[in-house]
Undergrad: 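Sharing a structure with you now.
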Amino acid sequence: MRLLNLSDNLKGALLMMCSMAAFTLNDTFVKLLGPQVPLFQMLFLRGVASTVLIFGLARALGPIRLWFPARDWGLVSLRTGAEIAAAYFFITALYHMPIANVTAVLQVLPLTVTLGGALFFGEAVGWRRMSAILAGFFGMLLIVRPGPDGFDIYAVYALAAVGAVTVRDLSTRRMSAQVPSMTVTLAASLGVTVFSGVASLGVDWVALDGRQAGLLAGASVFILGGYLFSVLVMRSGDISFTAPFRYTGLLWALVLGLVVFGDWPDTLTLIGSAVVVVAGVFTLIRGRRLAQA
C-alpha cells in the first residue's frame with residue numbers, strides 16, 4: 001500500500017516512526033565514534049555538516065524569517081541554550097552508557113514537560129495524569145538505580161539531558177506562531193556548532209580515517225532526517241494519535257544496542273522502561289483528550 005493511500009493519521013504515525021528511527025541511528029553512529037573521536041570535535045564536525053543541511057532544507061521549505069517579536073527571540077535563545085546543554089549531557093552519557101538505557105531515560109520527557117507546564121505555566125494537571133507522572137518517575141528510578149555510592153555519574157548526565165530537553169520543549173511551547181519551526185531548528189544547530197567549536201579549541205583533535213568520516217557523515221544525514229520527519233509529523237494527522245509512536249525509538253535502541261554493541265538491558269531496566277512508556281502514552285492521550293474537550 002502506497003503512502004499516498006494512507007489516512008493522515010497513519011501517515012503521521014509512519015513519519016513519527018521514521019523520525020525516531022533516524023534519531024536513534026544518529027545516536028548509534030555517534031556512539032560508534034565515541035571511543036575514538038573527542039566529544040567536542042565530533043559535535044563541531046557533525047554540527048557544521050548538519051547546519052549546512054538544515055539550512056538547505058529550511059530554504060527549500062520556505063524563506064527563513066528572522067523578524068519576529070523580541071519576546072520570541074528571548075525564547076529562541078533560551079531554547080538554543082537548552083539544546084546546547086542537552087547535546088553535551090546526552091552525548092556524554094551516550095558515550096559511556098548502553099544506548100537503550102540512555103534512550104529509556106529520555107522517554108520520561110512527556111512526563112517532565114507535563115509537570116513543568118503545571119509548575120511554571122499553571123496548566124491544569126488532574127490526579128490521573130499526576131499519578132501517571134509519579135509512576136513514570138518510579139520507572140525512571142528502576143532504569144538509573146542508584147547504588148550504595150549514589151547515582152552513576154553518567155546516569156546523572158542522562159537525567160541532566162532530560163532537564164535540558166524539558167526546558168527546550170517548554171520554551172518552544174511558549175513561542176508565538178510567527179516563529180518558523182525551521183528557523184528555530186537552524187538556530188539550535190548553529191548554537192551547538194558554535195559552542196562545540198569554541199570548546200574544541202581546548203582538546204587535541206584526531207585525524208579521521210575513512211570509517212570515522214563515514215560514521216560522521218551518516219550521523220549528520222540521520223539527524224537531518226530526524227528533524228525533517230519530525231517537522232512533517234506536525235503537518236500530518238492528529239497529534240494525539242501520532243505522539244505515542246515516538247516510543248518506537250526505544251524499540252530501535254533495544255535492537256541496535258543488541259545487534260551493534262551486544263548490549264541488552266537487565267530485567268529491572270526493561271520493567272522500568274515499560275512503566276515509563278505506559279505512563280507517557282497515557283499522559284499524552286489524556287492531555288490531548290482534555291484539550292479537545
Side-chain angles (χ1 to χ4, degrees), residues 12 15-16 19-20 22-23 47 50-51 53-90 106-125 129 133 160-195 223-246 249 280 283-284 286-288 290-292:
L15 289 168
M16 178 66 83
S19 175
M20 293 301 101
F23 280 129
S50 60
T51 298
L53 292 172
I54 290 169
F55 179 78
L57 174 62
R59 291 296 300 272
L61 293 176
I64 302 174
R65 290 194 290 108
L66 302 178
W67 304 107
F68 38 82
R71 173 184 175 279
D72 285 323
W73 267 117
L75 290 170
V76 170
S77 299
L78 175 61
R79 187 191 186 281
T80 300
E83 188 77 66
I84 292 169
Y88 170 73
F89 287 122
F90 174 74
L106 285 186
Q107 303 312 306
V108 80
L109 276 170
L111 306 177
T112 59
V113 171
T114 300
L115 182 60
L119 293 177
F120 299 110
F121 303 139
E123 298 177 359
V125 177
R129 283 195 293 166
I133 290 171
V162 170
V165 177
T166 302
V167 172
R168 183 197 71 184
D169 289 355
L170 287 174
S171 61
T172 304
R173 285 170 55 170
R174 306 305 289 181
M175 293 178 191
S176 70
Q178 301 177 53
V179 185
S181 58
M182 290 307 298
T183 299
V184 176
T185 301
L186 181 61
S189 180
L190 188 60
V192 172
T193 303
V194 171
F195 169 79
I223 199 169
L224 172 66
Y227 285 136
L228 173 60
F229 290 128
S230 63
V231 170
L232 294 175
V233 165
M234 296 300 103
R235 301 177 178 180
S236 301
D238 184 352
I239 191 65
S240 63
F241 182 87
T242 60
F245 287 90
R246 73 185 306 277
T283 302
L284 287 169
R286 179 69 180 171
R288 179 53 55 177
L290 291 174
Q292 291 173 339

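Excluded from the calculations below are hydrogen atoms, water molecules and symmetry mates; all remaining heavy atoms, backbone and side chain alike, are included.
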Undergrad: So which atom in R246 and which in L284 form the shortest heavy-atom distance, rounded to 0.1 Å?
TA: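 Closest approach of R246 to L284: CD-CD1, 4.3 Å.
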Undergrad: Walk me through whether Y227 and L53 qualify under side chain to side chain contact (heavy atoms under 4.5 Å, CB included).
TA: CA-CA 11 Å; Y227 285 136; L53 292 172; over 6 Å; no
Undergrad: Taking atom CG of L224 and atom CG of L228, what is their separation to the nearest 0.5 Å?
TA: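 That separation rounds to 6.5 Å.
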Undergrad: Quick one: does R65's side chain have a donor or acceptor within less than 3.5 Å of a partner on Q178's backbone?
TA: yes
Undergrad: Using the side chain to side chain contact (heavy atoms under 4.5 Å, CB included) rule, take T183 and L66 through it: C-alpha gap first, then chi angles, then the decisive distance, then the call.
TA: CA-CA 8 Å; T183 299; L66 302 178; 4.0 Å; yes
Undergrad: Do you know which two heavy atoms are closest between G117 and L170, and how far apart they sit?
TA: N-CD2, 3.8 Å
Undergrad: Working to the nearest 0.5 Å, report the span between OG of S181 and CG of L186.
TA: 11.5 Å
Undergrad: Look at the side chain of T80 and the backbone N and O of V76, then say whether any donor-acceptor pair between them is shorter than 3.5 Å.
TA: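 Flag set: sc T80 to bb V76 pair under 3.5 Å.
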Undergrad: Show, in sequence, the C-alpha distance, side-chain angles and deciding distance for F121 and R174, and conclude whether the side chain to side chain contact (heavy atoms under 4.5 Å, CB included) test is met.
TA: CA-CA 9 Å; F121 303 139; R174 306 305 289 181; 3.5 Å; yes
Undergrad: Could you pull out the closest heavy-atom pair between V162 and L106, with the gap in Å?
TA: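 Minimum heavy-atom contact is CG2-CD2, 3.7 Å.
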Undergrad: Working to the nearest 0.5 Å, report the span between CD1 of I84 and CZ of F89.
TA: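 Output value for this atom pair is 12.0 Å.
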Undergrad: Nearest heavy-atom pair of M16 and F245: which atoms, and what distance?
TA: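 For M16 versus F245, the nearest heavy atoms are CG-C, 3.6 Å.
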Undergrad: If you look at every heavy atom in F23 and G226, which pair is closest and at what distance?
TA: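 Closest approach of F23 to G226, heavy atoms only: CZ-C, 3.4 Å.
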Undergrad: Is there a donor-acceptor contact under 3.5 Å from the side chain of S189 to the main chain of T185?
TA: no
Undergrad: For a side-chain hydrogen bond (donor to acceptor under 3.5 Å, both in side chains) check, start with the C-alpha distance between T114 and T283, then their side-chain angles and the critical distance, and finish with the verdict.
TA: CA-CA 8 Å; T114 300; T283 302; 5.5 Å; no
Undergrad: For residues E83 and A188, report the shortest heavy-atom separation together with the two atoms involved.
TA: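 That would be CG-CB, 3.7 Å.
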Undergrad: Should R173 and E123 count as an ion pair when the cut-off is N to O under 4.0 Å?
TA: yes
Undergrad: When rounded to the nearest 0.5 angstrom, what distance separates CZ in F120 from CG in L115?
TA: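 F120 atom CZ to L115 atom CG measures 8.0 Å (nearest 0.5 Å).
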